[in-house]
Amino acid sequence: MDFKKDLEDIRALEQKSYPEISKTKHSLGFHLMPPAGWLNDPNGLCEAGGVYHIFFQYSPKNANGAEKYWGHYITQDFIEYTYTGPFMSPDNQLDADGVYSGSAYVEDGKIYIYYTGNVKLKGDYDYTYTGRLSNTILVKTDDGTWTDDKKAVLTNKDYPEGMSCHIRDPKVFKDEEGYKMVLGARTKDDKGCVFIYASSDLVNWSFVKLIESGEPFGYMWECPDIITIAGKSFLSLSPQGVASEEYRYQNIYQSGYFALKDDYEIDESVPFTEWDMGFDFYAPQTFRDEKGRYILIGWMGIPDADYTNEPTVRDGWQHALTMARELTLEGNKVIQKPLAEYEALRDQRIDSLSFKGMAEISVKVLEDKDIRLAINDSLVFCYDSNKKAAALLFDQDKENMEGAVRGFGRTVRKAKVESLEDIKIYLDTSAVEIYVNGGKTVFASRYYCDIPERKIDLTEGLTPEIYSLKQFKINI
Ligand code: FRU
């Protein structure tokens with residue numbers, strides 16, 4: 001394949017596709033979507049010289065996902081974005097079957113990008129225990145539009161014994177000792193774990209340790225990330241194979257964090273906390289910006305779910321990124337709030353419960369009671385003060401009424417919430433993010449509605465504050 005031509009063809013495809021898909025009914029106003037085709041994990045998140053880089057896993061030619069490239073948005077204010085073109089393609093023998101997920105580390109203005117080069121050997125293999133190479137590759141860039149040569153800094157021979165072929169998603173960070181890298185893995189006996197490597201020059205890496213939970217917690221840990229906020233460290237990861245419970249782990253795969261002790265071992269006294277309790281959230285990544293803020297962006301989608309995004313697939317695209325969320329610490333819990341920059345999206349205060357388009361809806365709850373907030377009758381957020389539980393649900397009986405919201409297989413997601421104080425809903429055309437109690441619990445979900453009119457029904461005695469929202473400005 002002529003890879004230079006392939007990238008040019010993709011650029012032409014994006015420039016044709018985005019103007020078309022951005023006019024379709026479910027095109028998003030303030031969530032980043034792929035310029036064409038399919039998007040998954042956020043990758044390489046960083047700020048360099050006042051410019052935020054948002055790379056992502058990308059299959060531009062197929063809305064149902066295919067070979068993985070990296071796409072790339074830049075922004076300075078989280079309101080206006082420029083899409084700079086596909087950044088990397090699987091053009092090398094080190095990454096022939098996909099430029100998989102990875103991270104960025106900024107040093108002296110240069111962006112060091114580490115990612116997994118996925119290679120499937122030809123032959124009769126199962127590709128879980130045999131037949132797959134996972135190369136940890138470094139490329140450097142100044143601005144995310146051009147990369148130097150791909151260099152493998154770790155290959156299968158550098159990983160510990162006893163591992164399956166599933167080892168991926170390097171995240172690089174720095175602690176008091178120097179540069180560290182965390183990689184996600186699946187052992188041969190199907191236990192999720194992560195490895196830590198260390199480096200003094202960002203190029204040569206040596207194995208430090210393997211971290212696992214006392215009790216097995218799923219068969220694979222994807223997209224690991226070590227974050228230290230106000231002196232407390234957390235291991236964020238996306239485990240696969242954790243059994244569902246009524247109020248936890250309800251999606252096919254999860255994303256959340258363990259608290260860590262000083263030596264990065266898991267603090268077993270603190271339970272794993274999920275980042276998001278909604279239907280559509282996976283593979284988040286964090287970074288620290290030049291102002292010192294910790295920022296998380298997730299994939300507003302999930303692989304292998306039994307619900308779909310059929311309406312956007314029909315339009316030639318699928319999935320989005322969540323809003324960028326600032327992380328702060330309250331006790332052992334990480335609080336998530338959309339970045340302050342999004343306040344600039346507010347357009348007008350709306351004094352009615354019916355409006356058209358996108359909105360920010362805030363509700364203050366003064367007494368402990370049952371609450372129900374419905375959008376177009378069928379998308380419901382409710383709180384049960386006896387069970388001390390919140391839920392996001394698609395009302396199956398109403399979904400087929402005219403103008404109703406439809407979940408395309410999404411049913412209900414619940415979360416334990418000690419008491420309900422406030423709710424903030426960011427309602428995009430086909431995506432919703434609900435921040436409960438100032439961001440202590442969050443639900444992200446896609447939803448589908450054929451009309452632009454939205455109508456709120458809310459428990460008597462409560463008055464929402466509603467602002468209509470403007471949309472991002474996207475330059476393709
Ligand atoms: C998570 C993930 C990563 C992998 C990437 C491939 O969604 O499976 O582990 O690197 O997607 O697109």
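Whatever order the structure lists them in is the order used to number ligands and atoms, beginning at 1.
- In Glu80, the CD atom is crowded: over 12 heavy atoms of neighbouring residues, nucleotides or ligands sit closer than 6.0 Å.
- With sequence neighbours excluded, no residue satisfies side-chain hydrogen bond (donor to acceptor under 3.5 Å, both in side chains) with Ser17.
- Atom CG of Asp262 has 12 or fewer neighbouring heavy atoms from other residues, nucleotides or ligands inside a 6.0 Å radius.
- Using bins of under 30°, 30° to 60° and over 60° for the plane-to-plane angle, the ring pair Tyr114/Tyr112 lands in the parallel bin.
- Here the side chain of Tyr100 pairs no donor or acceptor atom with the backbone of Gln57 at under 3.5 angstrom.
- Closest approach of His53 to Gly144, counting heavy atoms only: CE1-N, 4.4 Å.
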Write none if no such pair exists; otherwise list each N/O atom of ligand 1 with its protein N/O partner under 3.5 Å and the distance.
residue  : atom   : partner : partner atom : Å
ligand 1 : 7 (O)  : Asp41   : OD1          : 2.8
ligand 1 : 7 (O)  : Asp41   : OD2          : 3.3
ligand 1 : 8 (O)  : Glu222  : OE1          : 3.4
ligand 1 : 8 (O)  : Glu222  : OE2          : 2.9
ligand 1 : 9 (O)  : Arg168  : NE           : 2.8
ligand 1 : 9 (O)  : Asp169  : OD1          : 3.4
ligand 1 : 9 (O)  : Asp169  : OD2          : 2.6
ligand 1 : 9 (O)  : Glu222  : OE2          : 3.0
ligand 1 : 10 (O) : Ser101  : N            : 3.0
ligand 1 : 10 (O) : Asp169  : OD1          : 2.6
ligand 1 : 11 (O) : Asn40   : ND2          : 3.4
ligand 1 : 11 (O) : Asp41   : OD2          : 3.2
ligand 1 : 12 (O) : Asn40   : ND2          : 3.0
ligand 1 : 12 (O) : Gln57   : OE1          : 2.6
ligand 1 : 12 (O) : Lys68   : NZ           : 3.2

